[in-house]
There are 2 protein chains.
Amino acid sequence: VIRIALDAMGGDYAPDVPVEGALAAAAELPPSSEILLVGRQAEVEAALAKQGAKPDRFKIVDAPDVVGMGEKPLAAVRGKPKSSIGTGLGLQKHGEADGFISAGNTGAVMVASTILLGLHPGVQRPAIGMLFPTGGEPVLVLDGGANVDCSPRELQGFAYIGAVYARDVLGRSSPTVGLLNIGEEEEKGNAAVKEAYALLQHSTHFKFIGNVEGRDILGGACDVVVCDGFVGNVVLKFYESVARLVHGLLDREVGRDVLESPAMQRVFRLLDYSEYGGAPLLGIRGVSVICHGSSPPRAIKNAIRVAIQSVQSHLSQHIGAEFAGGEAVA
Amino acid sequence: VIRIALDAMGGDYAPDVPVEGALAAAAELPPSSEILLVGRQAEVEAALAKQGAKPDRFKIVDAPDVVGMGEKPLAAVRGKPKSSIGTGLGLQKHGEADGFISAGNTGAVMVASTILLGLHPGVQRPAIGMLFPTGGEPVLVLDGGANVDCSPRELQGFAYIGAVYARDVLGRSSPTVGLLNIGEEEEKGNAAVKEAYALLQHSTHFKFIGNVEGRDILGGACDVVVCDGFVGNVVLKFYESVARLVHGLLDREVGRDVLESPAMQRVFRLLDYSEYGGAPLLGIRGVSVICHGSSPPRAIKNAIRVAIQSVQSHLSQHIGAEFAGGEAVA
């Protein structure tokens, strides 16, 4: 049985949205998987009742504390060991759960995942994997903001981590990896990227396709795009805002009728992150998935699916193996 | 009289497109301005004839060489002093023109502008200013790719340069400047950005609004967004590709009819760079505007307007003044 601990108190509309997401997931999940709701027992039960579900529909793990969205991560994790984040990851640490999902404070989830689950030897900090909608299959971009001023070696590590994720969870049997740069030629870029290019050139665990530019990210040039977390974070947030801008312009210029047509809804659904269910924290010893604070129930449901796939495919073990004497630390 | 030298051989469809752009501009320009077409005389005359214009419609400055789009910039500039780029900028150097525009090899234009016109004291390399469409007034993002691994001092310089451009050419009388970062808090970001924040905090020549995130670029938070050229270049090219992706998805899902409706055309025109006519090279002693290689005539026309405004407003002199003992080198 695969057991996924869900932070029922995380996100802008907790516990209602996580609970609704859990119910949606449960309707589709194989019987060999189980969702544990972690949070204030009474509030979680009330949210279940609101959805017309029995209070014992899921196992509830009581966690009296809640980490606020604006709290400083390290202080929150240290000061509130009984938060839903600390409790949920504690379950995984003690072998009582196999994965964790939260739409709560991203920094706190990252810090708590690192402290409670630990990192694979050779990994300095977890990387945030982001799935960008492309209209077709998504592309994995990492790092998404956990690591800035990345060394060439770190960028190389992202490539290995990303390739494993692409294989295990995205089902790309021979993943291709591109290095985000400002030109295609080998000699382009800043110092870290130029050195990373040299390190990646002889990779054998995936196909390194060389430099890719900003315009190539969505173009299907590769399965994984490697970049410093500063760049990744800027591009991710920019992408969200472009979709919003286009939506607003269509509303203003073309009108609500067209915008609400099924075809148009389909387009915006194709551009919607929540279809991919959150960003995996990669490099930790375990499974931890971060969702946007504003995630709808569908995103939570999809994150549960991603977490289960990560456990089933032994993602974390495979990432660990890359760093344990593999090419990634060659 | 303001004289703008236009590289008639630059761009994917030269000399036809530059010549068409020049004709469009000439129809709208004040009589106090003049366009000089720089390129192979016979080819330029043929292009004029194709458009039904007289061969003496513009002054043509013969330049027998052409720099190819794929040539190495420095080698091309050194090896082909009689290229349209070298000749056009030479006119400005010798006081026979006031501005230069090219849709040709970007790197070559940058190198030739730097060598022939020189830089204002205190400026290490020119910055590329990029105007991002927002649906309303454009936002200036710089640097667009000329400078990577920027020092905090360079980032500070971009803020001063950008603010002058916003005032002189965009007509923003009290320009606001934001520093592109991965969070709003002062302590966020990579090492260079954190230091740049400290340098910018006490600016008095413009209003520094602090950190802005990727999602804020298009949101009208500020007139100028400052970033390292690596990040700026990635985001610029990514933006272009998103507009293309949305266009493709609408075509596929919603259909050609809706896509070609006047309202929809208006939306894509609002997202179209070419409305802003190219990217100014800033920090040089003079006026040089780079257009996309695939620029349509409208973009060339708009670039001519931008170049004239830059000359009229004394943009270059004002930028020089910021660095000559101004705050930018404080």
Side-chain angles (χ1 to χ4, degrees), chain A residues 107 132-135 144-145 147-150 180-183 185 188-194 212-219 227-246 248-250 252-255 258 261-271, chain B residues 72 107 132-135 144-145 147-150 180-183 188-194 213-219 227-250 252-255 258 261-271:
Chain A
F132 278 29
T134 68
N147 304 272
V148 298
D149 290 320
C150 292
L180 190 58
N181 204 336
I182 60 173
E185 305 84 357
K188 285 275 182 173
N190 56 28
V193 164
K194 280 186 217 170
V212 296
E213 298 185 65
R215 69 169 66 95
D216 304 317
I217 297 174
L218 306 178
C227 61
D228 183 286
F230 191 97
V231 181
N233 188 274
V234 166
V235 174
L236 172 78
K237 289 174 178 165
F238 183 75
Y239 193 11
E240 291 181 8
S241 79
V242 176
R244 236 177 5 250
L245 172 67
V246 173
L249 290 176
L250 289 173
R252 193 179 85 194
E253 303 291 335
V254 183
V258 175
S261 70
M264 201 66 102
Q265 300 269 322
R266 219 156 45 230
V267 170
F268 282 96
R269 188 145 175 171
L270 284 168
L271 294 172
Chain B
K72 297 261 173 199
F132 278 29
T134 69
N147 304 271
V148 297
D149 289 320
C150 292
L180 189 58
N181 204 334
I182 60 172
K188 285 274 181 171
N190 57 28
V193 164
K194 280 187 220 173
E213 299 184 63
R215 68 167 68 94
D216 304 318
I217 297 174
L218 306 177
C227 61
D228 182 284
F230 190 97
V231 181
N233 186 274
V234 166
V235 174
L236 172 78
K237 290 176 179 165
F238 184 74
Y239 194 12
E240 292 180 7
S241 79
V242 175
R244 238 181 358 254
L245 171 67
V246 173
H247 196 272
L249 290 177
L250 289 173
R252 195 180 81 191
E253 302 289 335
V254 183
V258 175
S261 70
M264 200 66 101
Q265 300 268 322
R266 220 154 46 231
V267 169
F268 282 96
R269 186 141 177 177
L270 284 168
L271 293 173

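We name chains A, B, ... by the order of the sequence lines, and we start the count at 1 in each one.
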- line: One option among B/G145, B/G229, B/G232, B/A191 has the most heavy-atom pairs under 4.5 Å with chain A, and it is B/A191
- line: Looking only at B/D228, B/L271, B/L236, B/D216, the option with the highest number of non-hydrogen pairs under 4.5 Å against chain A is B/L271
B/N147 (side chain) donor-acceptor with B/C150 (main chain) under 3.5 angstrom: no
field: Residues forming a side-chain contact (heavy atoms from CB on, under 4.5 Å) with A/S241, sequence neighbours excluded
entry: A/F238, A/R244, B/R215, B/L218
message: Only pairs of heavy atoms separated by less than 4.5 Å count here; which of A/V148, A/L249, A/I182 has the most with chain B?
response: A/I182
message: Suppose we screen for salt bridge (charged side-chain N to carboxylate O under 4.0 Å, His left out). Which residues come up paired with A/R252, at least two apart in sequence or across chains?
response: none
message: With a sphere of 6.0 Å drawn around NZ of A/K194, does it hold more than 12 non-hydrogen atoms of other residues, nucleotides or ligands?
response: yes
- prompt: chain B heavy atoms under 4.5 Å from A/V235: which part of the residue, side chain, backbone, both or neither?
  reply: both
Segment of A/N181 engaging chain B (4.5 angstrom heavy-atom cut-off): both
- request: Measure the spacing between CD of B/E253 and CG of A/L270 and express it to the nearest 0.5 Å.
  value: 5.5 Å
field: Any donor-acceptor N/O pair, A/N233 side chain to A/G144 backbone, under 3.5 Å
entry: yes
- request: Please look at A/Y239 and chain B and tell me whether the side chain, the backbone, both or neither of the residue comes under 4.5 angstrom of a heavy atom of that chain.
  value: both
task: Carefully, step by step, assess A/F268 and A/V246 under the rule side chain to side chain contact (heavy atoms under 4.5 Å, CB included).
output: CA-CA 10 Å; A/F268 282 96; A/V246 173; 4.1 Å; yes
query: By a 4.5 Å heavy-atom criterion (distance strictly below it), what part of A/L245 contacts chain B: side chain, backbone, both, or neither?
result: side chain
statement: So, the part of B/V254 with a heavy atom under 4.5 Å from chain A: the answer is both
- request: Go through the atoms of A/S261 and report whether side chain, backbone, both or neither lie under 4.5 Å from a heavy atom of chain B.
  value: neither
